[in-house]
Amino acid sequence: MHRTVFVWDDAYLDYSFPGDHPFKSFRESRAKKYMEERGFFHHMEMRRPDPDDESILLNVHSRDYVDFVKMKSQEGEGLLDYGDTPAFKGVFESALRRVMGSVTGIRLLAQGYDHAVNLGGGLHHAQWGSASGFCVFNDVAIAAKEGEKFFRRIAIVDVDGHHGDGTQALLYDDPNVLKISLHMYHRGFFPGTGEINEIGTGKGKGYTVNVPLPPGTADDAYIYAFDNVVIPLLDRFQPEAIIIQEGGDSHFDDPLVELKLSTRGYLALVKRIHDLAHRGTGKILLLGGGGYNYDATARVWTVSVAELLGLDDQEVESLHDCCLTSSSAYIMERVKQVVEEVKKVHGI
Ligand SMILES: [Zn+2]
Ligand SMILES: [Zn+2]
């Protein structure tokens, strides 16, 4: 019923920026350890990503950019964008492994698995010709493109604290992929996009959905937005596969984002998608993403995988935050206004 595959390669761990850079791969290793300790791997298979296929990057990235990353990866220094994504030795190889993980995940769904997990994926900021926001290659968009070979309609639900701007831009005119991003939106906050009126272009018009949330949005208001926007849209679109980008930086302990989700809030979101998916094909690809409180991120991912496996809640109780979080009355009111506007724009 929940035939699940966990796609993993130790080479993912090499994708970890040096020095005091906030993006560290021990989030992934800790989540895996939590899962091992609780016997998750008796309930799911582990698979390595398919062999590297560099040409798959060209589905969403320019040849020049791919060559540039390769060169920088050998040099091991400098920047891959204009800001905060430094090069390091082997960055090309480890980033490509992560992409292959997400691609393999969607292929395995097509081959009969119900759920696939790639915690190395979810690098949603990478653009056509540039890295961005710690993301070198956009595995989310690449996996969606690969998925279009097998599935007529794919939905991406992005709950990272930041807007999924790269994924949006790379698939902006694509009506076969419904892109929904919920994120913190605030003056000066990265990446600065993700407004309600960004809805897609050409044939893709209406298939990009943004839910910009104010700082301070906690479980109650976030779940309200989810129930009133995400669930009705998924119901209407009837995706044959759902990709969840589950960045852990919407957690209340994250140092870079001021959203206030708890592990229980995250779980509530995944549960809703999981239930909805099983009313259709059941196919879910769960990806990682941001997350700068490493333990909170590892816990978020572990409780989410437990849900996909259909494990008893008690198995992961010790990893949960105490309780669901509450938004102030003011924030609740603002989120309700955002939801009304999104509903109007998308005819829900
Ligand atoms: Zn299931
Ligand atoms: Zn993020």
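The analysis underlying the following values was restricted to heavy atoms, covering all of them including side chains, and did not include hydrogens, waters or symmetry mates.
- Side-chain atoms of Ser181 and His163 include no donor-acceptor pair closer than 3.5 Å.
- No donor-acceptor pair under 3.5 Å is formed between the side chain of Lys145 and the backbone N or O of Asn59.
- The pair Asp321-Arg299 counts as a salt bridge, with a side-chain nitrogen and a carboxylate oxygen less than 4.0 angstrom apart.
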*Under the side chain to side chain donor-acceptor pair (under 3.5 Å) criterion, do Asp173 and Thr201 qualify, and how do the steps go?*
CA-CA 5 Å; Asp173 60 356; Thr201 188; over 6 Å; no
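- Here the two rings, on Tyr292 and Phe134, have centers that are under 6.0 Å apart.
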Test log, rule side chain to side chain contact (heavy atoms under 4.5 Å, CB included), inputs Asn197 and Val345: CA-CA 7 Å; Asn197 60 11; Val345 167; 6.0 Å; no
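- Side-chain N/O atoms of Asp220 and Ser327 include a donor and acceptor closer than 3.5 Å.
- Minimum heavy-atom separation, Asp249 to Gly290: OD2-CA, 3.8 Å.
- Under a 3.5 Å cut-off, the side chain of Lys89 and the backbone N or O of Gln74 do form a donor-acceptor pair.
- Of the candidates Phe41, Trp301, Tyr113, Phe6 forms a ring-ring contact (aromatic ring centres under 6.0 Å, His included) with just one, namely Phe41.
- Between the side chain of Arg153 and the main chain of Leu178, no donor-acceptor pair closer than 3.5 Å is present.
- Between Arg98 and Asn118, the closest heavy-atom pair is O-ND2, 3.3 Å.
- Between Glu37 and Lys33 there is a salt bridge, with a side-chain nitrogen of the basic residue lying less than 4.0 Å from a carboxylate oxygen of the acidic one.
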Could you pull out all donor-acceptor pairs under 3.5 Å where a side-chain atom in residues 223-247 meets a protein atom, sequence neighbours excluded?
| unit_1 | atom_1 | unit_2 | atom_2 | d |
| --- | --- | --- | --- | --- |
| Asp227 | OD1 | Arg272 | NE | 2.6 |
| Asp227 | OD2 | Arg272 | NE | 3.4 |
| Asp227 | OD2 | Arg272 | NH2 | 3.2 |
| Asn228 | ND2 | Tyr224 | O | 2.8 |
| Arg236 | NH1 | His346 | O | 3.1 |
| Arg236 | NH1 | Gly347 | O | 3.1 |
| Arg236 | NH2 | His346 | O | 3.0 |
| Gln238 | NE2 | Asp235 | O | 2.8 |
| Glu240 | OE1 | Arg152 | N | 2.8 |
| Glu240 | OE2 | Arg152 | NE | 3.0 |
| Glu240 | OE2 | Arg152 | NH2 | 2.7 |
| Gln245 | OE1 | Gly247 | N | 2.8 |
| Gln245 | NE2 | Gly122 | O | 2.8 |
| Gln245 | NE2 | His124 | ND1 | 3.4 |
| Gln245 | NE2 | Asp160 | OD2 | 3.4 |
| Glu246 | OE1 | Ser304 | OG | 3.0 |
| Glu246 | OE2 | Ser304 | OG | 2.8 |

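- Summarising the geometry of Ile154 relative to Glu148, their closest heavy-atom pair is CD1-N, 3.6 Å, with the distance given to 0.1 Å.
- By the 4.0 Å N-to-carboxylate-O rule, Glu340 lies too far from Lys344 to be salt-bridged with it.
- In the model, Glu198 has no side-chain atom that pairs as donor or acceptor with a side-chain atom of Thr208 under 3.5 Å.
- Formation of a donor-acceptor pair under 3.5 Å by the Asn138 side chain with backbone atoms of Ala126 is found in this model.
- Distance CZ/Arg264 to OG1/Thr325: 11.5 Å, rounded to 0.5 Å.
- A salt bridge links Asp52 with Arg97: the closest approach of a Lys/Arg side-chain nitrogen to an acidic carboxylate oxygen falls below 4.0 angstrom.
- The aromatic ring centres of Phe137 and Phe92 sit less than 6.0 Å apart.
- His2 has its ring centre no less than 6.0 Å from the ring centre of His43.
- Using a 4.0 Å cut-off between charged side-chain N and carboxylate O, Lys271 and Asp275 make no salt bridge.
- Under the 4.0 Å criterion applied to side-chain N and carboxylate O atoms, Asp158 and Lys179 are not assigned as salt-bridge partners.
- Looking at heavy atoms from C-beta onward, Val338 lies out of side-chain contact with Tyr185 at the 4.5 angstrom threshold.
- Proximity of a side-chain donor or acceptor of Tyr12 to a complementary backbone N or O of Gly121 within less than 3.5 Å is not detected.
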